[in-house]
Amino acid sequence: MESQYSPKEFDEKWQKHWEDLELYKAQDDSSKPKFYSLVMFPYPSGDLHMGHMRVYTISDVISRQRRMLGYNVLNPMGWDAFGLPAENAAIKRKLHPEKWTKENIRFMRDEQLKKLGTSYDWQREVTTCDSNYYHWTQWLFLKFYEKGLAVRKEAPVNWCPDCQTVLANEQVEGGACWRHPETPVEQKQMSQWFLRITHYAEELLADLDTLKGWPERVRLMQQNWIGKSQGAELYFTVESKPNVQIKVFTTRPDTVFGVSYVVLAPENPLVKELVSDECKEAVAAYVEEAKRKTELDRMTTEKSKSGVFIGAHVVNPFNGDVVPIYVSDYVLMSYGTGAVMGVPAHDERDFAFARKFSLPITEVISADGKSVGEMAAPYLDDGILLNSGKFSGVDTTRAKTAITEWAEQNQAGKGRVQFRLRDWLISRQRYWGCPIPLVHCAKCGIKPVPETSLPVILPVEGVEFTGEGGSPLGRMPEWLNSTCPDCGGAARRETDTMDTFIDSSWYFLRYTDATNPAEAFSQAKVNYWMPVDQYVGGVEHAILHLLYSRFFTRALKDMGLVNCVEPFTNLLSQGMVTMYSPVSGRIEKMSKSRGNVVGTLDFFKRYGADAARLFTLFASPPEQELEWSEDGAVGQHRFLTRIWRLLVDLKAKGVIDRDLCRKPLASSNGNGNGAAALSAADKNLIKLVHKTIKAVSNDLSPERYVFNTAIARCMELVNGLYKYVQEVEPKEASPVLSFAVYNLLLLLAPMAPHITEELYHQLGLALSDKDSIHCSKWPDFDESLTVDDEIELVLQVNGKIVSKVPASRGLDRKAAEGLAMDDDKMKAKLTGQAVKKVIVVPDKLVNVVI
RNA sequence: GCCCUUGUGUCGGAACUGGUAUACGAGUCGCACUUAAAAUGCGAUGCCCGUAAGGGAUUGAGGGUUCGAAUCCCUCCAAGGGCACCA
């Protein structure tokens with residue numbers, strides 16, 4: 001046995017050993033309870049750095065400990081392999097995206113994730129750009145299409161004139177194309193595919209309450225994103241065209257008597273219909289300008305309002321007022337009805353608009369129902385109505401209901417709920433994505449590709465990447481030209497591919513039956529494993545990926561494909577890893593572009609995988625940010641070295657014994673295993689072991705998941721062992737030391753899997769060559785051995801500490817009080833004082849109030 | 001602007017339900033080992049006053065509840081994140 005701890009001698013040996021033993025293979029049927037452990041799968045960008053490793057380490061520790069606790073664990077890994085960077089690399093380096101992606105996957109899997117010592121079941125590896133995966137992505141799309149959840153509709157989208165393609169919202173940075181910061185993105189009206197996530201808005205919102213295992217902040221972010229508003233839709237009849245109504249959505253029906261104008265969004269079709277001849281030119285010009293307006297312009301002109309009168313009026317159904325109709329880009333076509341009523345007195349934006357166009361500001365609510373006269377700013381709070389006909393004098397809350405009711409009775413409107421959530425635009429004019437399985441037939445229109453013809457293969461050979469002019473698929477006639485499944489005539493394939501978020505919205509279902517050639521997943525397997533018991537991932541996916549996955553699961557449940565409603569029972573969203581960036585001079589998220597990355601290969605070589613894992617876990621609790629520091633990592637390497645040296649020494653002395661180590665030494669009170677011979681040092685060490693087992697078990701439990709304190713407890717045990725060895729100087733097989741060392745290794749095994757396995761075998765604790773510490777049972781503890789008989793009683797006067805005295809555990813109140821009154825320092829404080837009250841916290845403190 | 005999170009020694013961070021603030025690690029200093037250094041082991045180490053014994057203040061700031069507050073409540077300040085003309 002080497003006297004020097006050098007992980008490079010054995011890290012890879014054990015990784016191979018575990019793989020040969022198929023230690024991490026999940027069983028599809030088992031008498032053990034199942035535990036589905038999931039970590040967000042990576043995009044194969046090519047090179048993981050230590051910052052990326054945090055999430056895999058956390059998830060791996062959880063999986064390993066669950067295995068030791070006796071669960072049948074599914075811990076899979078895969079690749080979110082479609083996406084733009086691959087296509088970019090292809091354009092830049094003339095390397096096919098598939099080749100680039102596959103090479104990256106091999107490197108990341110074999111050289112990075114495996115070398116971290118992760119415990120994945122690689123037989124279930126999933127790669128979203130493989131046709132045996134996207135076959136089922138397409139099949140699911142067809143299911144959504146059948147149910148009317150995938151629809152084609154016109155929508156304004158982000159268009160980059162340089163790339164000649166639609167961009168995802170995520171690819172618009174500061175109003176410009178992410179590839180050309182100098183090119184502003186344009187808004188373009190296009191026919192695109194959407195998934196109707198809004199169909200589930202209400203449920204997605206309501207069921208957030210059932211996700212008790214999710215962080216509060218993630219639930220809140222989703223809640224805000226879905227954005228439910230309670231209000232009313234009110235109808236304003238056009239004065240010159242009594243058969244046309246403008247419907248507006250408002251959350252403030254109580255302010256309807258204060259309406260001084262109505263505004264339409266520039267894209268609202270009513271603009272063209274209602275505009276008067278005199279205004280036609282000005283309105284058309286404004287609408288044109290608004291269309292061209294980029295997000296950049298919008299942001300810079302945020303607060304100032306623009307707009308044009310369209311030469312028509314509407315009648316307020318509540319008071320008969322005739323008010324003008326404007327068109328303005330502060331009204332969005334995609335929210336509500338694309339029209340709003342302007343109430344300057346009680347809305348910030350309407351106030352600004354009214355000022356600019358000199359429109360009347362009619363006060364209809366105030367704190368006490370009395371007019372305040374000239375308004376310098378809009379009054380936004382609740383209050384009492386005035387100038388509101390028969391509703392004057394009513395408070396806002398009741399007025400909202402009353403006015404909505406009146407509208408319903410008089411066909412002037414109705415109550416309505418509005419969501420901020422929009423339907424999910426999934427079309428992408430890109431090559432490297434899952435083809436949408438549809439054809440366009442001149443005769444029959446849009447037709448789905450029959451299930452039996454799936455998958456629609458993404459062509460790999462003969463694809464040219466020029467970097468301009470949209471998707472290369474459109475320039476491949478041999479792929480583009482197909483036949484109509486209905487009439488058999490000529491048809492063109494859909495050239496758009498799907499948003500990559502679709503691929504990741506169901507990968508956790510595929511893991512349950514990853515190699516099934518005939519189905520997306522079998523009912524039996526998916527329902528055995530789902531829902532995911534513990535999901536770990538970055539907070540950057542708090543909304544999109546997690547919301548989409550919830551939507552998918554819900555839709556599939558309604559189709560009878562899965563049984564569960566919510567896919568992820570518990571969610572741990574880990575904080576990002578930061579480091580000082582020489583580029584910006586600040587502490588920022590670790591990333592290549594910021595020049596503050598720590599490479600994995602180099603780190604593993606210098607300190608070993610276990611030190612990397614321990615530092616990542618120790619530096620801060622998982623939900624918080626972690627600042628990478630070389631010093632801290634060295635500290636963990638030192639801790640491992642300390643364990644190594646101690647155990648090498650004990651082995652040389654022959655004190656560790658394979659049989660003794662498994663004997664529980666349950667009782668220190670005289671009747672346990674060899675208890676008669678136990679010294680005070682022995683008893684203390686046994687207690688320390690039990691206390692450590694208790695603390696670490698608690699720290700690794702789902703209620704806590706605080707790995708930093710778990711490691712701290714293990715360090716204390718190691719410190720205790722050093723002290724014990726120094727004191728006792730053991731020379732022969734020791735039951736106490738064998739027991740302590742064995743349990744230390746068990747507790748550290750999930751966090752530092754290599755060194756614990758190596759020492760387990762080196763010390764001869766293994767039951768055979770095929771044995772692994774990772775197959776061991778997680779240790780139990782004896783509650784009675786986790787408490788000390790002797791405690792320190794704290795004595796306080798008025799809550800201030802005056803003295804501390806030793807006392808035996810379990811003292812009653814009287815006795816504790818007696819101890820306090822007997823103490824010299826207490827006496828000094830209390831003489832001549834009237835004692836008002838004595839508070840005794842058993843086994844903790846006595847507080848005398850004077 | 002709205003919503004959320006976080007503020008504890010020189011640094012990363014502990015303190016489970018209000019009950020000994022600063023566990024564990026890093027750094028620094030000292031001792032041992034060594035010809036020497038590194039490594040390792042042992043010990044000390046939040047701040048102020050004091051040679052010491054001892055005393056005092058202290059968990060971003062201020063206030064409150066309580067016998068007792070890092071922890072609960074209110075106001076404010078700072079940093080980070082999310083949303084942002086959503087009617």
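Scope of the values below: all heavy atoms of this structure, side chains included, with no hydrogens, waters or symmetry mates. Below, chain A is the first sequence line, B the second, and so on; all start at residue 1.
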**Asked** Would a 4.5 Å heavy-atom cut-off, applied to side chains only, mark A/Trp225 and A/Leu421 as touching?
**Response** yes

**Message:** Need one value for A/Glu627: base, sugar-phosphate or nothing, where a base atom within 4.0 Å counts as base even if backbone is also close, heavy atoms only.
**Reply:** nothing

**Message:** By the rule that syn is within 90° of 0, classify the base conformation of B/G9 as syn or anti.
**Reply:** syn

**Asked** Counting only heavy atoms not in A/Glu630, do more than 12 sit closer than 6.0 Å to its CD atom?
**Response** yes

**Message:** Counting the atoms with a prime plus P, OP1 and OP2 as sugar-phosphate, which does A/Thr250 contact under 4.0 Å by heavy atoms, base, sugar-phosphate, or nothing?
**Reply:** sugar-phosphate

**Request:** Find the distance A/Leu795:CG to B/C67:C1' and express it as a whole number of Å.
**Result:** 15 Å

**Complete:** Per atom distances to the A/Lys723 side chain, the nearest of B/G43, B/C67, B/G25 is B/G43

**Message:** Could you check whether atom NZ of A/Lys723 has more than 12 heavy atoms from other residues, nucleotides or ligands sitting under 6.0 Å from it?
**Reply:** no

**Request:** Give one of base, sugar-phosphate or nothing for A/Val849, where a contact means two heavy atoms less than 4.0 Å apart.
**Result:** sugar-phosphate

**Asked** Can you find a side chain N or O atom of A/Lys837 that sits less than 4.0 Å from OP1 or OP2 on B/C67?
**Response** yes

**Request:** Looking at every strand, decide which applies to A/Asn847 at a 4.0 Å heavy-atom threshold: base, sugar-phosphate, or nothing.
**Result:** base

**Request:** Provide, to the nearest angstrom, the distance between the CD1 atom belonging to A/Ile791 and the C1' atom belonging to B/G19.
**Result:** 13 Å

**Item:** Separation of the C1' atoms in B/C4 and B/U40, to the nearest angstrom
**Value:** 48 Å

**Item:** Earlier contact from the 5' end, RNA chain B, for A/Val340 and A/Ser629
**Value:** A/Ser629

**Request:** Please tell me which of the listed nucleotides, B/U20, B/C85, B/C24, lies nearest to the side chain of A/Ala712?
**Result:** B/C24

**Message:** In whole Å, measure the gap between the C1' atoms of B/G60 and B/G80 for me.
**Reply:** 15 Å

**Message:** What's the gap between B/C72 and B/U8 when it is taken at their P atoms, as a whole Å value?
**Reply:** 16 Å

**Message:** Given B/A23, B/A87, B/G82, identify the nucleotide with an atom nearest to the side chain of A/Thr251.
**Reply:** B/A87

**Request:** Round to a whole Å and report the spacing from CG of A/Leu721 to P of B/G41.
**Result:** 14 Å

**Asked** With a non-hydrogen cut-off below 4.0 angstrom, is A/Phe639 in contact with a base, only sugar-phosphate, or nothing?
**Response** nothing

**Prompt:** Which part of the nucleic acid, if any, lies within contact of A/Lys804, taking any heavy atom under 4.0 Å across all strands shown: a base, the sugar-phosphate backbone alone, or nothing?
**Reply:** base

**Message:** So A/Asn719, base contact, sugar-phosphate only, or nothing? Heavy-atom distance under 4.0 Å.
**Reply:** sugar-phosphate

**Prompt:** Can you tell me if the side-chain N/O atoms of A/Asn708 get under 4.0 Å from OP1 or OP2 in B/G12?
**Reply:** no

**Separation of the C1' atoms in B/A23 and B/U45, to the nearest angstrom** = 15 Å

**Message:** Once you apply a heavy-atom cut-off of 4.0 Å, does A/Gln726 come out as touching a base, just sugar-phosphate, or nothing?
**Reply:** sugar-phosphate

**Asked** Of A/Glu792 and A/Arg645, whose nearest nucleotide on RNA chain B comes first from the 5' end?
**Response** A/Glu792

**Fill in**
Applying the 3.5 Å cut-off to both distances, the Watson-Crick or G-U partner of B/C29 turns out to be B/G43

**Message:** Once you apply a heavy-atom cut-off of 4.0 Å, does A/Leu220 come out as touching a base, just sugar-phosphate, or nothing?
**Reply:** sugar-phosphate

**Prompt:** Whom does B/G50 pair with, Watson-Crick or G-U wobble, provided both distances fall under 3.5 Å?
**Reply:** none

**Request:** Would you mind pulling out the nucleotide paired to B/C83, Watson-Crick or G-U wobble, both distances under 3.5 Å?
**Result:** B/G1

**Message:** Just to be sure I understand the rule, does A/Glu348 reach a base, reach only the sugar-phosphate, or reach nothing, if contact means heavy atoms closer than 4.0 Å?
**Reply:** nothing

**Request:** Please measure how far the P atom in B/C67 lies from the corresponding atom in B/C16, and state the result in whole Å.
**Result:** 22 Å

**Prompt:** So what does A/Arg219 hit on the nucleic acid, given a heavy-atom distance under 4.0 Å: a base, only sugar-phosphate, or nothing?
**Reply:** nothing

**Prompt:** Once you round it to whole Å, what is the distance between C1' of B/A84 and CH2 of A/Trp225?
**Reply:** 11 Å

**Asked** If pairing requires Watson-Crick or G-U wobble contacts with both distances under 3.5 Å, which nucleotide is the partner of B/G18?
**Response** none

**Prompt:** Between A/Tyr722 and B/C42, does any side-chain N or O lie under 4.0 Å from OP1 or OP2?
**Reply:** no

**Minimum-distance nucleotide to A/Pro621 side chain [options: B/G13, B/G19, B/C4]** = B/G13

**Request:** State whether A/Lys694 and A/Glu783 are salt-bridged, where the test is any N-O pair (Lys NZ or Arg NE/NH1/NH2 against Asp/Glu carboxylate O) under 4.0 Å.
**Result:** yes

**Prompt:** Is the closest side-chain heavy-atom distance between A/Pro378 and A/Asp347 below 4.5 Å?
**Reply:** no

**Asked** Between atom CG in A/Asn698 and atom P in B/A14, what is the gap in whole Å?
**Response** 14 Å

**Prompt:** C1' atom, B/A14 versus B/G46: distance in rounded Å?
**Reply:** 14 Å

**Message:** Rounding to an integer number of angstrom, what distance separates B/U65 and B/G13 when you compare their C1' atoms?
**Reply:** 30 Å

**Prompt:** Rounded to the nearest 0.5 Å, how far apart are CG of A/Asp350 and CZ of A/Arg252?
**Reply:** 11.0 Å

**Message:** If I take atom NZ in residue A/Lys400 and atom P in nucleotide B/A87, what distance separates them, rounded to the nearest angstrom?
**Reply:** 11 Å

**Item:** Nearest listed nucleotide, side chain of A/Arg713, among B/C85, B/G25, B/A23
**Value:** B/A23

**Prompt:** For A/Arg550 and A/Gln222, what are the C-alpha separation, side-chain angles and deciding distance, and is it a side chain to side chain donor-acceptor pair (under 3.5 Å)?
**Reply:** CA-CA 11 Å; A/Arg550 294 182 62 217; A/Gln222 293 216 353; 2.8 Å; yes

**Item:** Phosphate OP1/OP2 of B/A84: any A/Arg420 side-chain N/O under 4.0 Å
**Value:** yes

**Item:** Rounded interatomic separation in angstrom, taking CG from A/Leu626 and P from B/U6
**Value:** 17 Å

**Asked** Is the backbone of A/Leu385 close enough, under 3.5 Å, to the side chain of A/Ser388 for a donor and an acceptor to pair up by distance?
**Response** no

**Message:** Is it the case that the base of B/C67 and the side chain of A/Lys836 share a donor-acceptor contact (distance under 3.5 Å, atom types as modelled)?
**Reply:** no

**Item:** Base-pairing mate for B/G7 - Watson-Crick or G-U, with both contacts under 3.5 Å
**Value:** B/C77

**Prompt:** NA contact type, A/Ile801, heavy-atom cut-off 4.0 Å: base, sugar-phosphate, or nothing?
**Reply:** sugar-phosphate

**Prompt:** Just how far, in rounded Å, is P of B/A87 from CD1 of A/Ile365?
**Reply:** 16 Å

**Prompt:** On a whole-Å scale, what distance lies between the P atoms belonging to B/A78 and B/A87?
**Reply:** 29 Å

**Message:** What contact category does A/Ser229 fall into here, base, sugar-phosphate, or nothing, at under 4.0 angstrom with non-hydrogen atoms?
**Reply:** sugar-phosphate

**Distance (rounded to the nearest 0.5 Å) between A/Lys800 NZ and A/Asn847 CG** = 12.0 Å

**Prompt:** Does A/Arg638 make a side-chain N or O approach to OP1 or OP2 of B/A26 shorter than 4.0 Å?
**Reply:** yes

**Prompt:** Does atom NZ of A/Lys829 have more than 12 heavy-atom neighbours, drawn from other residues, nucleotides or ligands, at distances under 6.0 Å?
**Reply:** no

**Request:** Would you mind classifying the nucleic acid contact of A/Arg642 as base, sugar-phosphate or nothing, using non-hydrogen atoms under 4.0 angstrom?
**Result:** sugar-phosphate

